[in-house]
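Worth saying up front: this structure is predicted, and the values here are computed from it rather than measured. Below, each value reflects all heavy atoms present in this structure, side chains not excepted, and no hydrogens, waters or symmetry copies.
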Amino acid sequence: MNTADWPPDGFRIHKIAANGTRLSVAVGGSGPVLVLLHGWPQTSRAWARVMPALAPGHTVVVPDLRGTGDSDRPEGGYAKTNQADDIRGILTALDLSGPVAVAGHDIGSMVAFAWAAAHPDDISHLVLVDSLLPGLGLEEAMNVAEGGMWHFGFFMTPHLPEMLFDGHELEFFTATFTALSNPGTFSNDDLAAYARAYTGRERLRGGFEHYRTLLDDGRENRALLAERKLPMPVLAIGTAHSGTTAAEALAPHADNVQGTIAPTGHFVAEENADWFTKTVTEFLG
């Protein structure tokens, strides 16, 4: 299924072989490079409402992460540092040089953070949107014995989530997106598009694979941060759901961390595109 009819005017979809897989990426605009990395259960279309406003000042690069959207779904390679190498390969193929700015939401923020920790010279600015970071508090947040969030452990379990969600994708996505966003954010067409992107066991598996590396991701992040702090400016955008958790967790590990709270639920760029664009543009300076 090709979902490449979604990009805003001025953006073109590229299919790029990188790091042992094939990735779909939307590219448009001109100026310094800004990479936008989506979360789960979304695709690159999560950024569609902010891409037109960002494009006049930036070359905006918006991939489907491996396992999602129109990118391939390999069996492995979902460690966040390896996915950072996916994005590095995309930039090389597009002949775009760094350092670059990167903004990630949800799972995408984990990839952005791992990229910054493993290859700090690549990144000029790091924006993390409603993030829980492996190695920096995620493990505690998903500890159900202490009242933590149940879904992380469930999604990490091999095979079972795909079996149980198969045939219920739209029902689940509708309930989840509605619970975590301000009313009216997502139309029925939006919800249907995201559900189609994850319909069937193989598409569901590609999404859940992002969760199945989280414990290893945390160990790798802690090892990287033990070597050095993040040198680039970091903006951690929280919400009513997460508060300033990410900014507080990052403070000991980065030279320059700013925290702010979005007037939204979880899906910041879609719930309030103007606020997101203004906040990120000002941070990039």
Next item on the list: Could you walk me through whether Met51 and Leu36 pass side chain to side chain contact (heavy atoms under 4.5 Å, CB included), step by step?
Entry: CA-CA 9 Å; Met51 289 160 65; Leu36 302 176; 4.3 Å; yes
Next item on the list: Check Pro99 against Asp121 and note the closest heavy-atom contact, atom names and distance.
Entry: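 Taking every non-hydrogen atom into account, CB-O, 3.6 Å.
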Item checked: Nearest atoms (heavy-atom pairs only) where Ala254 meets Val234 ->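 So the minimum-distance heavy-atom pair works out to CB-CG2, 4.3 Å.
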Item checked: Sequence neighbours excluded, every pair satisfying ring pair (Phe, Tyr, Trp, His ring centres under 6.0 Å) that has a member inside residues 243-262 ->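 Output for this query is empty, none listed.
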Note to self: Please list all pairs meeting ring pair (Phe, Tyr, Trp, His ring centres under 6.0 Å) that have one or both residues in residues 106-147, counting only residues at least two apart or in different chains.
What the structure shows: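 Residue pairs passing ring pair (Phe, Tyr, Trp, His ring centres under 6.0 Å), neighbours aside: His125-Phe283.
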Under 6.0 Å between ring centres: does that hold for [X] and [Y]?
X	Y	answer
Phe172	His168	no
Phe186	Phe173	no
Tyr198	Phe165	no

Next item on the list: Verify, without hydrogens or angle tests, whether Arg12 (side chain) and Ala26 (backbone) share a donor-acceptor contact under 3.5 angstrom.
Entry: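 Not at all, since once roles are kept as given, no pair shorter than 3.5 Å links the two residues.
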Notebook entry, point to check: Can you list every salt bridge (charged side-chain N to carboxylate O under 4.0 Å, His left out) pair that touches residues 126-152, not counting sequence neighbours?
Noted result: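 Sorted result for residues 126-152: Glu139-Arg222.
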Margin query: Grouping I, L, V, M, F, W and Y whenever their side-chain heavy atoms are under 4.5 Å apart, do Ile261 and Phe276 come out in a common cluster?
Written below: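 No; Phe276 is not reachable from Ile261 via cluster members.
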Next item on the list: Check whether Leu224 and Leu230 end up in the same hydrophobic cluster, where Ile, Leu, Val, Met, Phe, Trp and Tyr are linked by side-chain heavy atoms less than 4.5 Å apart.
Entry: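 No, Leu224 and Leu230 fall in different hydrophobic clusters.
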Check: With Arg228, which residues qualify under side chain to side chain contact (heavy atoms under 4.5 Å, CB included), at least two apart?
Finding: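 For Arg228, the residues satisfying side chain to side chain contact (heavy atoms under 4.5 Å, CB included) (neighbours in sequence not counted) are Pro120.
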Next item on the list: Return the set of residues passing side-chain hydrogen bond (donor to acceptor under 3.5 Å, both in side chains) with Tyr78 (not counting sequence neighbours), or none when no residue passes.
Entry: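 Partners of Tyr78 under the side-chain hydrogen bond (donor to acceptor under 3.5 Å, both in side chains) test: none.
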Margin query: For the residue pair Thr277 / Asp274, report whether a side-chain donor-acceptor contact shorter than 3.5 Å exists.
Written below: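 There is no such pair between these side chains.
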Note to self: Looking only at the side chains, is there a donor atom on one of His210 and Thr68 sitting less than 3.5 Å from an acceptor on the other?
What the structure shows: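 No, no side-chain donor-acceptor contact under 3.5 Å.
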Next item on the list: List for me each residue that meets ring-ring contact (aromatic ring centres under 6.0 Å, His included) alongside Tyr194, sequence neighbours excluded, and say none if there are none.
Entry: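 Scan of Tyr194 (ring-ring contact (aromatic ring centres under 6.0 Å, His included), adjacent residues dropped) gives Phe177.
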